[in-house]
Amino acid sequence: MDLAGKKIILGLTGGVACYKAAELTRALVKAGAAVQVVMSDAATHFITAVTMQALSGRPVYTDQWDARIANNMPHIDLSRDADAIVIAPCSADFLFKLAHGACNDLLSTLCVARPMHLPLLVAPAMNVEMWQNPATQRNVAQVQADGIQVLGPDAGEQACGETGMGRMLEPEQLLEDIIASFQPKLLAGKRILLTAGPTFEPIDPVRGITNLSSGKMGFALARAAREAGAHVTLVAGPAALATPLGVTRLDVQTAQQMHDAVMAHLAGQDVFIAVAAVADWRVVNASDQKMKKNAAGAPQLQLEANVDILATVTALKNKPYCVGFAAESENLVQYGEEKRKKKNVPLLVGNIGHATFGKDDNELMLFDAHGHTTLPRAGKQQLARQLIAEIARRL
Ligand code: CTP
């Protein structure tokens, strides 16, 4: 669970988007967080404390004068063992309060009284005109300058019927951002290029050669690199996966297209990670029209080797730090060592067991100049974060 052991204060301020805070609470709890809800008076007009208590499993705080806290200082006590404060939705008025250090209700006082190292994240939600108002924009710039992380807002249809910037981010996006905020920024400012997924080599317009790669490991790595503060470009073969937030995705089909996309985006990259299961061969005599069964006998497919993308990159004079992957069905230790040398990469990552395609967990063996180490079986996202830490350490 991505937020196991984390204590999060979820602050709600006035706005229709309070209904999304209910969903966010569920998502945070599901991810392992202990959620303490604090609501402004305005927020209680949009959603009840009863709902928020039921979803968070804890009594909600709404009032500065709350006798449930022994010393009657909820604005101090609540934040002292918290790992983050998240304000979602954050109204225009609350942005004003944060920008000016207002302390005229529990939630605003709690924010001002928080220890300075305690991360504060806000998800603005308001009408487009309110968002664009220069006063709001001044407040946003001020809170950002004060180290408060502003998540969103998004553009789109609004509850008031108008359209534009000001929608609160969806709960699943907020969850990803909150999880990301807890990850160490090991790759801050670095540029990372990855390949992921299978490739598809056409036989005719409706058939082709591909493999069982789901793209999960590559996408998890792209997300982990982004969480670690990197600018991430992901060149993806056909994979039915959502693009991790903040990642630039380029969709390709064939190995040749993947190669071309990689070469076009290689300049200025610090790291290249080749995760894709690239088809080794392509069909030379692919047909422009669908092949018919009644033609004379079975078609004879003529194959030729695809370009090796990783080898092309490692052969360059000015190359980024390169990481290769290996899928072997046996003798991983021996083949891994050999492949690392053959591929000329400082780090090669072997999948332990070949039945990893499509699964949510994995077990990895890392090969470098000093030998090999194992990353024990875990979820692919967790492994991806460990692998990003290993790469950052070696950079
Ligand atoms: N790779 C690549 N381009 C290819 C083939 C492989 O960039 N045309 C990369 C993969 O993304 C992976 C590494 O090379 O990082 C090793 O891929 P793998 O299929 O295990 O090895 P191959 O080089 O194809 O060797 P073999 O199939 O013979 O084991």
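All ligand and atom numbering here is 1-based and tracks the order in the structure. Residue numbers run from 1 in the order of the sequence given.
Counting protein heavy atoms only, atom 3 (N) of ligand 1 is closest to Ile309 N, 3.0 Å. Looking from atom 5 (C) of ligand 1 to the surrounding protein, the closest heavy atom is Val278 CB, 3.8 Å. Protein heavy atom nearest atom 15 (O) of ligand 1, with residue, atom name and distance: Ala274 O, 2.6 Å. Among all protein heavy atoms, the one lying closest to atom 23 (O) of ligand 1 is Lys343 NZ, 2.7 Å. The nearest protein atom to atom 26 (P) of ligand 1, hydrogens excluded, is given as Lys339 NZ, 3.7 Å; this is a heavy-atom distance.
For ligand 1, the atoms sitting less than 4.0 Å from at least one non-hydrogen atom of Ala327 are 20 (O), numbered in the order shown with element in parentheses. Contact atoms of ligand 1 toward Gly324: 15 (O) (distance under 4.0 Å to a heavy atom of the residue). Here is the list of ligand 1 atoms found below 4.0 Å of a heavy atom in Val307: 4 (C), 8 (N). Close contacts of ligand 1 with Phe325, meaning ligand atoms under 4.0 Å from a residue heavy atom, involve 12 (C), 13 (C), 15 (O), 16 (C), 17 (O), 20 (O).
Judged by distance alone, with hydrogens and angles left aside, the side-chain atoms of Lys185 form a donor-acceptor pair with the main-chain N or O of Gln183 at under 3.5 Å. In terms of modelled atom types and a separation under 3.5 Å, the side chain of Asn285 and the main chain of Gln300 share a donor-acceptor contact. Checking side-chain atoms of Thr13 against main-chain N and O of Ser91 turns up a donor-acceptor pair under 3.5 Å. Without hydrogens or angle criteria, Arg26 side chain to Ala22 main chain gives no donor-acceptor distance under 3.5 Å. A donor-acceptor pair is defined here as one N or O able to donate and one able to accept, closer than 3.5 Å; no such pair exists between the side chain of Arg191 and the backbone of Asp270.
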request  = Any chance you could lay out the salt bridge (Lys or Arg N to Asp or Glu O under 4.0 Å) test for Arg385 and Asp2, step after step, and finish with the verdict?
outcome  = CA-CA 11 Å; Arg385 292 191 185 115; Asp2 288 328; 3.0 Å; yes
task = Could you please spell out the steps behind the salt bridge (Lys or Arg N to Asp or Glu O under 4.0 Å) verdict for Asp83 and Lys6?
result = CA-CA 6 Å; Asp83 295 297; Lys6 296 289 184 221; 5.0 Å; no
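Side-chain atoms of Asn133 and Thr136 include no donor-acceptor pair closer than 3.5 Å. No side-chain donor from either of Asp177 and Gln173 sits under 3.5 Å from a side-chain acceptor of the other.
For atom 7 (O) of ligand 1, the nearest protein heavy atom is under 4.0 Å away.
Of the options Ala276, Ala255, Gly218, the smallest heavy-atom separation from atom 10 (C) of ligand 1 is shown by Ala276. When the heavy-atom distances from atom 27 (O) of ligand 1 to Val345, Val262, Asp280, Ile273 are ranked, the shortest goes to Asp280.
In the hydrophobic clustering of this structure, Leu348 groups with Val278; members are Ile, Leu, Val, Met, Phe, Trp, Tyr whose side-chain heavy atoms approach within less than 4.5 Å, directly or through other members.
Using a 4.0 angstrom heavy-atom cutoff, Asp308 counts as in contact with ligand 1. Not a single heavy atom of Leu348 sits less than 4.0 Å from an atom of ligand 1.
Contacts between Leu310 and ligand 1, counted as non-hydrogen atom pairs separated by less than 4.0 Å, involve both the backbone and the side chain.
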